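Since the structure is predicted, the reported quantities are computational estimates derived from the model, not experimental observations.
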Amino acid sequence: MKSKTGTGRKLNNLYQSLLKTYGPQGWWPLINKKNLKCEYKGKKKLTDREKFEIAAGAVLTQNTNWYPNAVSALQRLVCGRVTGINAKINFPKNRNHLTPLTIARLTMPRLQQLIQPAGFFRQKALYLKALADFFLQNKTLSRNSLLEVKGIGMETADSILLYAFHRPFFIIDAYTRRILSTVGISSAETKYNDLQKLFTANLYPEAELFKEFHALLVKHGKLHYSQKPYGQNDKLLKRL
DNA sequence: AGCCAGGCTACCG
DNA sequence: CGGTAGCATGGC
């Protein structure tokens, strides 16, 4: 904790309580190219392709369930076919097709077909094309350069920066908004960048902490902040 | 059956 | 500037 202010203390208590309650969440999981299982590989250094997979996953899960929607789309991109793991033709085994170059070369109808289970597939196909171009152009990575990419807003940009590139940008999602305003740390009108500042100004900017904290907020949010009235059955937050 | 999901863009007043 | 319709699939 940087400060012993009310906000800093509350955020620290919140993090510790969430971690104790739920344990480490294992974000961000990747698709295993051999069996197409979605699993966390630990804190190993990510390859460039894995960074791209995380960025693509961040786009595919926009306003969409990770399981099974975004994951099935990712699996289909990895194996390059729509039929899942049972078909065994056309594509080499153990090969991962979820790369910037492959996405860039795919036709739009084909890309749309592959990512259909993720929903919003026509929009997201465009977004993935733009994302692939961004990676292929080797542009300088920054929040602003990401925000120029079609389909990448603040939350997706911060997700990519944090989980793919290990940079300490705190992610503000719908659950985090609801939880913070319920705790009384913020209000419903507080803007994204101001909410983000609450975390970065009161926590040490360590990427690992930010990753775990955000994943825990989502876990807790799914349980108690999915349906109104939000936080009705939330015991944890009452003792901060 | 309806509501919800790890949002973003485009357009409106 | 803030507010919102539209985007689409799958699970509960």
Side-chain angles (χ1 to χ4, degrees), chain A residues 18 22 24-31 38-40 51 53-77 82-84 108-109 111-134 143-165 169-180 186-196 199 207 210-233:
Chain A
L18 291 171
Y22 302 112
Q25 296 301 297
W27 280 30
W28 191 284
L30 296 164
I31 306 298
C38 181
E39 53 196 9
Y40 181 52
K51 292 175 186 175
E53 178 177 328
I54 290 171
V59 167
L60 288 168
T61 198
Q62 286 171 357
N63 203 42
T64 300
N65 290 305
W66 178 254
Y67 295 107
N69 301 56
V71 168
S72 13
L74 287 168
Q75 290 171 327
R76 291 158 68 137
L77 290 170
V82 298
T83 45
M108 281 302 286
L111 181 55
Q112 289 176 356
Q113 181 188 35
L114 287 167
I115 68 172
Q116 183 176 1
F120 304 137
F121 58 88
R122 295 183 188 86
Q123 294 193 47
K124 286 176 179 175
L126 292 171
Y127 297 169
L128 288 184
K129 285 284 190 182
L131 182 69
D133 288 343
F134 177 84
R143 195 168 192 259
N144 283 333
S145 64
L146 280 172
L147 288 173
E148 288 173 7
V149 179
K150 189 70 66 187
I152 298 186
M154 288 186 283
E155 183 182 338
T156 306
D158 290 332
S159 300
I160 294 170
L161 288 164
L162 180 60
Y163 288 103
F165 293 94
F169 287 81
F170 205 96
I171 298 162
I172 306 299
D173 73 317
Y175 292 131
T176 304
R177 290 179 176 282
R178 295 170 192 170
I179 292 172
L180 282 194
S186 68
S187 71
E189 307 85 55
T190 313
K191 300 188 184 316
Y192 187 101
N193 288 329
D194 292 326
L195 287 168
Q196 184 177 58
F199 288 90
F210 285 13
K211 289 180 189 180
E212 197 59 62
F213 203 163
H214 171 66
L216 286 164
L217 285 167
V218 172
K219 172 73 175 183
H220 189 63
K222 280 178 186 293
L223 290 175
H224 298 293
Y225 292 81
S226 280
Q227 55 204 40
K228 300 178 180 177
Y230 298 133
Q232 195 67 1
N233 206 5

Legend entry - pair A:I171-A:T176: side-chain heavy atoms closer than 4.5 Å: no
Legend entry - Side chain proximity check, A:I115 to A:F121, heavy atoms < 4.5 angstrom: yes
Inset, instruction - Can you check each nucleotide of nucleotides 3-12 of chain C against protein heavy atoms at under 4.0 Å and return B for base, S for sugar-phosphate only, - for none, in 5' to 3' order? - result: ----BBBBS-
Inset, instruction - Please report the closest heavy-atom contact between A:S186 and A:R177, naming both atoms and the distance. - result: OG-O, 4.5 Å
Inset, instruction - Assign each of A:W27 and A:V149 to its nearest nucleotide of DNA chain B by heavy atoms, then name whichever residue's nucleotide is nearer the 5' end. - result: A:W27
Legend entry - Phosphate OP1/OP2 of B:dG7 contacted by A:Y192 side-chain N/O (<4.0 Å): no
Inset, instruction - Could you tell me whether a side-chain N or O of A:K124 sits under 3.5 Å from a main-chain N or O of A:L60, the two making a donor and an acceptor? - result: yes
Legend entry - Sequence-distant partners of A:K211, salt bridge (charged side-chain N to carboxylate O under 4.0 Å, His left out), two or more places apart: A:E208
Legend entry - Secondary-structure stems for DNA chain B, with pairs counted as Watson-Crick or G-U when both distances are under 3.5 Å and runs at least 3 long: B:2-5 with C:9-12, B:7-13 with C:1-7
Inset, instruction - State which residues pass ring-ring contact (aromatic ring centres under 6.0 Å, His included) with A:H224; sequence neighbours excluded, sorted by chain then number. - result: A:H220
Legend entry - Student check: side-chain heavy atoms of A:Q25 and A:V218 closer than 4.5 Å: no
Legend entry - Rounded P spacing from C:dA8 to B:dA10 in Å: 14 Å
Inset, instruction - Take atom P in C:dT4 and the same atom in B:dC4, then report the distance between them in whole Å. - result: 16 Å
Inset, instruction - Mind checking ring-ring contact (aromatic ring centres under 6.0 Å, His included) for A:W27 and listing every partner two or more places apart, or none if nothing turns up? - result: A:Y163, A:H214
Inset, instruction - Assert yes or no for the condition that the ring centre distance of A:F120 to A:Y127 is strictly below 6.0 Å. - result: no
Inset, instruction - Could you tell me which non-hydrogen atom of A:L195 sits nearest to which non-hydrogen atom of A:I172, and how far apart they are? - result: CD1-CG2, 3.6 Å
Legend entry - Protein-nucleotide distance (A:E148, atom CD; B:dC8, atom C1'), rounded to Å: 16 Å
Inset, instruction - List in chain and number order the residues that pass side chain to side chain donor-acceptor pair (under 3.5 Å) with A:E189, two or more places apart in sequence or in another chain; answer none if no residue qualifies. - result: A:S187
Legend entry - Counterpart residues, side chain to side chain donor-acceptor pair (under 3.5 Å), relative to A:N65 (two or more places apart): none
Inset, instruction - Locate the shortest heavy-atom distance separating A:Y225 from A:R178; write the atom from each residue and the value. - result: O-NH1, 2.5 Å
Inset, instruction - Strictly below 4.0 Å, heavy-atom distances to any atom of DNA chain C: list the hits from residues 152-162 of chain A, or just say none. - result: none
Legend entry - Results of salt bridge (charged side-chain N to carboxylate O under 4.0 Å, His left out) for A:E148 - residues two or more places apart only: A:K139
Can you name the atoms? Protein N/O to nucleotides 11-13 of chain B N/O, anything below 3.5 Å, with the distance.
none

Inset, instruction - Would you mind classifying the nucleic acid contact of A:R177 as base, sugar-phosphate or nothing, using non-hydrogen atoms under 4.0 angstrom? - result: nothing
Legend entry - Side-chain heavy-atom pair A:L74, A:W66 within 4.5 angstrom cut-off: yes
Legend entry - salt bridge (charged side-chain N to carboxylate O under 4.0 Å, His left out) partners of A:R143, counting only residues at least two apart: A:D158
Inset, instruction - Measure from NE2 on A:H224 to P on B:dA5 and round the result to the nearest Å. - result: 15 Å
Legend entry - Contact under 4.0 Å: A:K228 side-chain N or O vs B:dC4 OP1/OP2: no
Inset, instruction - Enumerate the residues from residues 212-223 of chain A whose closest heavy atom to DNA chain C is under 4.0 Å, giving them by residue number; use none for an empty result. - result: none
Legend entry - Spacing of A:L60 atom CG relative to B:dA5 atom P, expressed in whole Å: 18 Å
Inset, instruction - For A:D194 and C:dG2, give me the distance from atom CG to atom P, rounded to whole Å. - result: 11 Å
